[in-house]
Each structure stands twice: as C-alpha cells, then as structure tokens.
2 protein chains.
Amino acid sequence: MSDPGATQSAVQPPLGAISNLPLGERIAGQVREMILNGDLEPGAALVEIALASSLGVSRAPVREALRILSHDGLVETVPYRGTTVRGLSRRDVEGLREIRTLHEGFAIHRIVRAGRHTDLGDLSALCDEMDRIAPSGDLRALNLVDERFHRSLIERAEHDLLTSFWRTIAMQVRQVMALRNRRIADAGIIAANHRRILEAVVAGDADGAALLLEEHVADDPGTVLASWSDGDTA
Amino acid sequence: MSDPGATQSAVQPPLGAISNLPLGERIAGQVREMILNGDLEPGAALVEIALASSLGVSRAPVREALRILSHDGLVETVPYRGTTVRGLSRRDVEGLREIRTLHEGFAIHRIVRAGRHTDLGDLSALCDEMDRIAPSGDLRALNLVDERFHRSLIERAEHDLLTSFWRTIAMQVRQVMALRNRRIADAGIIAANHRRILEAVVAGDADGAALLLEEHVADDPGTVLASWSDGDTA
DNA sequence: TAGTGTTACATTGTCGACAATCGATTGTTG
DNA sequence: CAACAATCGATTGTCGACAATGTAACACTA
C-alpha cells in the first residue's frame with residue numbers, strides 16, 4: 001500500500017509500460033482522472049454495465065474499479081442502489097482543510113524530531129521547479145508540482161499509516177481543485193510559500209513551519225472555501 | 001460511510017437479524033472477527049476458493065469481502081499472488097499509537113472549540129459502565145466499552161473524514177490487542193483514566209485532556225509496545 | 001555445477017448469465 | 001380522492017466456468 005520507489009519523479013515505469021496491471025486498477029485510474037478533471041460531476045451515476053460496455057470489458061473489473069474509487073473517497077456506493085460520484089459540501093471542504101493541516105503538521109514535527117530535516121534536497125528541487133513554472137502562470141503544472149511537494153513531505157515522515165491516509169486526502173484535494181472555479185491565486189506567492197515552509201523545516205522550527213503551512217493551506221485553491229458552490233450536500 | 005445510528009449501543013440489529021446485507025459484507029464481518037480474535041495469525045493466506053467453499057458461497061462475495069478487509073488495513077493483497085493477514089511490526093504499533101493520539105487530540109480540540117463539550121452525557125454513562133465492569137477484571141468487556149468511548153469521542157467531533165479514518169485506526173488497535181499477550185493493566189486504572197479525560201474535556205481544558213489521553217494511550221494494551229514480538233515485519 | 005529454459009500447478013483475474021433488491025409506476029379499493 | 005397493494009424496469013448481487021499470471025520444480029545445456 002505504501003508505493004515504494006515513488007519518491008523518484010517518474011510516475012510511469014521507465015520501460016515500455018507493459019502494464020500487466022489488472023484491468024480493474026487501470027479502469028479505476030481512468031475513471032479517477034475523469035472525476036478529478038471534472039468530466040464527471042458530483043452525483044453522476046456510475047452504472048456498472050454502462051461503464052463495462054463503454055470500455056469493452058465485463059462488469060467484474062468495473063466493480064473492482066468502483067471499489068477502489070470508493071476506498072479513495074471519490075465515489076459513494078449504496079448496496080443494490082448504485083454508485084455515484086461523491087459531492088463535496090462546504091463542510092467537507094472545510095473538514096478537508098483541517099485534516100490536511102493536521103496531518104502535514106504532524107509530518108513536519110515527526111521529520112524534525114527524527115532529525116531528518118537536514119536532508120530535504122528533493123523538496124528544494126521541487127521548490128526550484130515551482131519558481132521556474134510560476135512566471136508562466138501555468139496553474140495546472142504548478143498544481144502537479146505542489147502535489148508532489150506535499151506528498152514528498154508526508155513520505156519523509158516515514159509513517160506508513162500517515163502516508164496511507166494522505167493518499168485519500170490528496171485525492172479529495174485534487175477533486176476540490178477540479179470542481180471549484182479556480183481562483184487564480186498568484187502562482188509566485190504559492191511558490192514562495194513552499195520555499196518558506198521548507199526553510200523553516202530545514203531550520204528545525206517545526207512549529208513555525210506548521211504555522212506557515214496552515215496559512216498556506218488556507219489560501220490553497222484546493223482547500224479554500226471562498227466561492228464554494230454549496231449546492232451539493234453530499 | 002459515516003454510519004448513522006451507530007451512536008446507540010446496539011451494534012446488531014435488534015430484530016431477527018434477517019441480514020439484508022450483501023453476502024460480501026457479512027463475510028467480511030466474519031473474517032474480520034476471526035482476525036481480530038487472533039484465530040487467523042498474521043501471514044496466513046486467505047485463499048478465495050477455499051474461503052468460498054468453506055462458507056458455501058461463490059468467489060465473488062469472498063473477493064468483495066477481502067477488498068473490504070483490505071480497506072480496513074487488516075489484510076494485504078498482491079495482484080495474482082493472493083491475500084494474507086497483515087502482520088504488524090513494532091514500528092507499525094508505534095506509528096499506530098502516534099496517529100491515534102493525533103486524531104483523538106484533534107477531536108478533543110474540535111469538540112471544545114465548537115462548544116459541544118458540555119453535553120457529553122453518553123460518554124459519562126460509558127465511564128459509569130467501566131466503573132461497574134472494572135472490579136470484575138473482565139478485560140474483554142472493558143475493551144468493548146473502551147472502544148465505544150473513544151468512538152463516541154471521535155463522533156462528537158462531527159468530522160466525517162476524521163470518523164472515517166478512525167474506523168481504520170480502531171480496527172488496527174483491536175488487532176494489536178488481539179495479537180499481543182495481554183498485559184493485564186489494572187482495569188480500575190483504565191476506568192479512572194477515562195473519567196479524568198472526560199472531566200478535562202467537559203471543563204473545556206482541551207490541552208489538558210489531550211495530554212491525559214496521550215498518557216492513557218501510552219499505557220493502553222492496544223497501543224503499548226512493551227513485549228511486542230518483533231517477529232513479523234509485515 | 002551454474003545458469004537457463006520449460007513445464008506443471010496453484011491462485012487470482014475476467015467473463016457472461018441468472019437471481020435478488022430497490023424505487024417508481026400503476027392499478028385497486030375504501 | 002387518499003391509501004394501499006401489485007407490478008415493472010433498472011441496477012446491483014451472486015454464481016460457475018474459463019483465461020491470465022506467477023511460483024516452484026524439473027530438465028537441459030555450457
């Protein structure tokens with residue numbers, strides 16, 4: 001469940017990507033991207049047989065895919081009733097911000113306490129990458145690096161359960177980002193925020209870093225709840 | 001996912017238990033109890049066809065059950081290789097204690113911040129029940145009430161994601177309790193601990209309550225790691 | 001004998017068909 | 001017309017059989 005080797009930048013296997021993964025996981029990935037890109041709106045019904053015929057497979061792997069997505073918190077399944085794309089209420093978004101802050105703060109404290117805060121070169125490299133991207137204003141690319149930054153931070157805590165929980169959190173953060181009408185926060189500010197957080201961690205100031213992170217997250221497009229359409233009560 | 005109505009004491013439906021639930025969930029519950037009771041040791045292979053014939057059903061619901069247990073963190077599945085009962089390393093147990101403390105502390109702070117700490121009658125009732133059970137030394141019964149106490153505390157925070165995470169945490173705590181050779185901590189002390197925590201919460205002293213809780217958890221049979229057989233590296 | 005290719009077996013992955021369940025619709029009755 | 005019961009359609013739940021995959025044992029070659 002921990003996904004070793006993911007600390008490297010490459011998400012795809014370097015070789016030919018033969019992808020002998022079970023169909024279910026590939027389908028899950030495909031549908032997940034649809035949800036996270038906003039192609040599937042909250043409340044949309046995911047009918048097994050429809051997905052199956054649409055993808056040219058049987059229902060079995062589709063069922064498995066839907067269960068994976070349910071684990072990710074992206075869909076909701078009611079026995080004998082069906083599966084729908086999960087909607088996020090304003091309360092969910094706020095709760096997501098809180099729980100995210102909690103976990104990242106814990107990760108920071110744990111890293112510092114273990115004395116691992118001096119070797120964070122890859123995080124620094126990600127900050128550099130943000131600085132490179134920021135001027136272009138390409139928020140999509142910036143979000144991708146942002147996600148890697150926070151994931152790396154979590155993984156540096158070397159806490160399996162924490163990493164496992166973070167997977168769910170990051171997923172829902174991405175969903176919120178996909179759904180909300182992007183408030184174009186200044187890309188430069190985002191990049192600078194990460195740099196400051198990282199510097200505080202490296203300096204061993206866990207409390208300060210956690211505070212900076214809390215402020216950053218409050219402004220993050222993924223968790224900010226200004227202008228959140230409160231239509232879906234989920 | 002939130003499990004409404006579970007605040008009541010009854011876990012089983014009061015009537016004849018016609019069990020309208022899908023087979024998969026019932027099987028998951030059955031196997032879960034086996035794991036949590038220690039009948040299935042870590043590393044034990046859960047072969048689908050064997051379980052299926054053993055239970056007189058087909059493989060489909062068994063697969064679903066294994067998926068649920070995987071979600072709970074009780075088993076590990078490797079594609080094309082099989083599913084095994086998850087083993088807990090000493091590191092896992094320690095991490096479990098940390099993450100548990102983190103979440104319960106968060107719940108306490110959230111309850112107090114929302115001003116809901118004045119109405120905790122059911123928690124008080126659970127403390128009373130502990131006091132009643134403690135003299136008998138029935139640790140099994142005490143653990144059951146203990147679990148309800150902490151679950152109620154979490155639910156009082158009214159945070160869906162937190163509640164969802166707690167489900168996984170509580171499950172693994174139970175597994176640890178099942179596996180370790182029970183160090184018979186004095187039942188009376190456990191009961192008193194909970195009372196003190198509750199009183200601090202009611203008094204609005206979130207920090208104090210969280211501290212008491214951390215001390216209590218450090219002594220809790222479910223998370224203490226003294227005498228943990230470090231054989232399984234999971 | 002070290003190393004490689006091959007075969008056999010156990011287990012999971014996938015498929016298509018049938019059964020069970022739920023909500024809505026329709027029909028019935030006072 | 002209101003309330004209740006039967007029916008229908010859509011969807012998921014379950015089943016048994018077959019295909020794909022991975023491990024381990026075995027034979028083969030240099």
Side-chain angles (χ1 to χ4, degrees), chain A residues 1 4-5 13 15-32 35 40-72 74-87 233, chain B residues 1 4-5 13 15-32 35 40-72 74-86:
Chain A
M1 192 180 279
L15 208 48
I18 308 142
S19 119
N20 56 349
L21 283 148
L23 269 179
E25 299 192 20
R26 277 182 281 175
I27 296 173
Q30 206 164 330
V31 177
R32 174 162 37 226
I35 296 176
L40 287 170
E41 292 187 5
L46 298 175
V47 180
E48 295 177 3
I49 193 170
L51 276 174
S53 67
S54 154
L55 295 168
V57 297
S58 124
R59 276 179 54 209
V62 172
R63 281 177 71 83
E64 167 144 356
L66 292 182
R67 259 168 298 185
I68 293 174
L69 295 177
S70 173
H71 182 175
D72 294 342
L74 296 179
V75 304
E76 281 178 336
T77 300
V78 179
Y80 294 107
R81 291 260 302 160
T83 302
T84 57
V85 178
R86 181 163 180 248
T233 52
Chain B
M1 194 179 279
L15 206 48
I18 306 145
S19 83
N20 202 3
L21 287 137
L23 267 179
E25 301 192 19
R26 276 182 281 173
I27 296 173
Q30 206 164 330
V31 177
R32 174 162 36 226
I35 296 175
L40 287 170
E41 291 187 5
L46 298 175
V47 180
E48 296 177 2
I49 192 171
L51 277 174
S53 67
S54 154
L55 295 168
V57 297
S58 127
R59 276 178 55 207
V62 172
R63 279 177 72 83
E64 167 143 358
L66 293 182
R67 195 90 35 209
I68 293 173
L69 295 176
S70 172
H71 181 173
D72 294 342
L74 295 179
V75 304
E76 281 178 337
T77 299
V78 179
Y80 296 106
R81 288 260 304 161
T83 303
T84 57
V85 178
R86 181 165 180 248

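We name chains A, B, ... by the order of the sequence lines, and we start the count at 1 in each one. Values in this document were obtained by computation on a predicted structure and should not be read as measured data.
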*For A:Leu23 and C:dG16, what is the distance between atoms CG and P respectively, to the nearest whole Å?*
12 Å

_Atom pair distance, as rounded to whole Å: CD1 in A:Ile27 and C1' in C:dT14_ = 10 Å

_Can you list, in residue-number order, the parts of residues 58-66 of chain B that come under 4.0 Å of DNA chain D, counting heavy atoms only?_
B:Ser58, B:Arg59, B:Ala60, B:Pro61

*State whether the side chain of A:Ser70 and the backbone N or O of A:Leu66 hold a donor-acceptor pair below 3.5 Å, judged by distance alone.*
no

*Report the distance from atom OG1 of A:Thr84 to atom CD of A:Glu41, rounding to the nearest 0.5 Å.*
13.0 Å

*Can you figure out which of C:dT21, D:dT11, D:dG22 approaches the side chain of A:Tyr80 most closely?*
C:dT21

_Can you work out whether A:Arg81 or A:Pro22 has the more 5'-proximal nearest nucleotide on DNA chain C?_
A:Pro22

_Shortest non-hydrogen contact from A:Pro61 toward A:Ile27_ = CB-CD1, 3.9 Å

*Whether B:Arg67 side chain and A:Glu64 backbone form a donor-acceptor pair below 3.5 Å*: no

*If every non-hydrogen atom of A:Ala65 is compared with every non-hydrogen atom of A:Ala28, which pair is closest and at what distance?*
CB-N, 3.6 Å

*Starting from P on C:dA17, measure out to CD on A:Glu48 and report it in whole angstrom.*
16 Å

*For B:Leu46, which contact category applies under a 4.0 Å heavy-atom criterion: base, sugar-phosphate, or nothing?*
sugar-phosphate

*Would you kindly compare A:Gly56 and B:Ile49 by the position of their nearest DNA chain C nucleotide and give the one closer to the 5′ end?*
B:Ile49

*Go through the steps for B:Arg59 and B:Ile49 under the test side-chain contact (heavy atoms from CB on, under 4.5 Å), then give the verdict.*
CA-CA 6 Å; B:Arg59 276 178 55 207; B:Ile49 192 171; 4.3 Å; yes

*Measure from CG on B:Leu51 to P on C:dT11 and round the result to the nearest Å.*
12 Å

